[in-house]
Amino acid sequence: MIGRLNHVAIAVSDIDAATAIYRDTLGADVSSRQEQPDHGVSTVFINLPNTKIELLEPLGDDSPIAKFLEKNPSGGIHHVCYEVDDILVARDKLVADGARVLGDGEPKIGAHGKPVLFLHPKDFLGTLTELEEA
Ligand code: CO
């Protein structure tokens, strides 16, 4: 069912410093910074030949990544994102198999303007898992 690895997301407390590490130290192609108020984060995408890294910095008072950064003050891998052909078909199969979808269970428009869902980390090996309709 799942297809390509769309991105790995890394939560950071200082996205400009994190971007500089990828751009200057690792020599990667980085996007400009974007604020995503609907998701409570600012993002920068690192474009690699075979996938992307999504840097996330908290935005606003109740960012969904604030708690993660309290526990991981130097940053850390926050989630992985896999592409699916049809997000509703994928969701219905996963729910039928007992997996939990976060939030109200309906897809939201993600950072790339495409529908996304998040799956409960306890159902997927301790890893917050995002699905994005490709
Ligand atoms: Co993501």
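All values reported here derive from a predicted model rather than from experimental measurement. Computation of the quantities below employed the complete heavy-atom set of this structure, encompassing side-chain atoms and omitting hydrogens, waters and symmetry-equivalent molecules.
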With the 4.5 Å side-chain cut-off for hydrophobic clustering, are [X] and [Y] part of the same group?
X	Y	answer
Val80	Val41	no
Leu94	Tyr82	yes
Val116	Val101	no
Leu102	Leu88	no
Ile53	Leu5	yes

Please give me the minimum heavy-atom distance between Glu57 and Ile65, naming the atom from each residue.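 So the two residues come closest at C-CD1, 3.6 Å.
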
Which pair of heavy atoms, one from Ser63 and one from Pro58, lies closest together, and at what distance?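 Closest pair (atom of Ser63, atom of Pro58, distance): OG-CA, 3.5 Å.
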
Report the distance from atom [atom1] of [X] to atom [atom2] of [Y], rounding to the nearest 0.5 Å.
X	Y	atom1	atom2	result
Ile46	Lys52	CD1	NZ	11.5 Å
Thr51	Arg4	OG1	CZ	6.0 Å
Glu132	Lys114	CD	NZ	6.0 Å
Ser13	Phe68	OG	CZ	11.5 Å

I'd like to check [X] versus [Y] (side-chain heavy atoms, cut-off strictly below 4.5 Å). Are they in contact?
X	Y	result
Tyr22	Ile10	yes
His112	Asn6	yes
Ile87	Leu117	yes
Leu55	Thr43	no

Check: [X] side chain, [Y] main-chain N or O, donor-acceptor pair, under 3.5 Å:
X	Y	result
Ser31	Val44	no
Arg33	Ser42	no
Asp97	Ala99	no

So for atom [atom1], which belongs to [X], do other residues, nucleotides or ligands contribute more than 12 heavy atoms lying within a distance under 6.0 Å?
X	atom1	result
Asp14	CG	yes
Asp61	CG	no
Ile77	CD1	no

I would like to know whether Leu56 and His78 meet side-chain contact (heavy atoms from CB on, under 4.5 Å); could you show each step before the answer? CA-CA 9 Å; Leu56 300 172; His78 183 261; 4.0 Å; yes

Review item, side-chain donor-acceptor pairs of residues 123-131, under 3.5 Å, at least two apart:
unit_1: Asp123; atom_1: OD1; unit_2: Arg100; atom_2: NH2; d: 2.9
unit_1: Asp123; atom_1: OD2; unit_2: Arg100; atom_2: N; d: 2.8
unit_1: Asp123; atom_1: OD2; unit_2: Arg100; atom_2: NE; d: 3.1
unit_1: Thr127; atom_1: OG1; unit_2: Leu125; atom_2: O; d: 3.3
unit_1: Thr129; atom_1: OG1; unit_2: Thr127; atom_2: O; d: 2.9
unit_1: Glu130; atom_1: OE1; unit_2: His7; atom_2: NE2; d: 3.0
unit_1: Glu130; atom_1: OE1; unit_2: His79; atom_2: NE2; d: 3.0

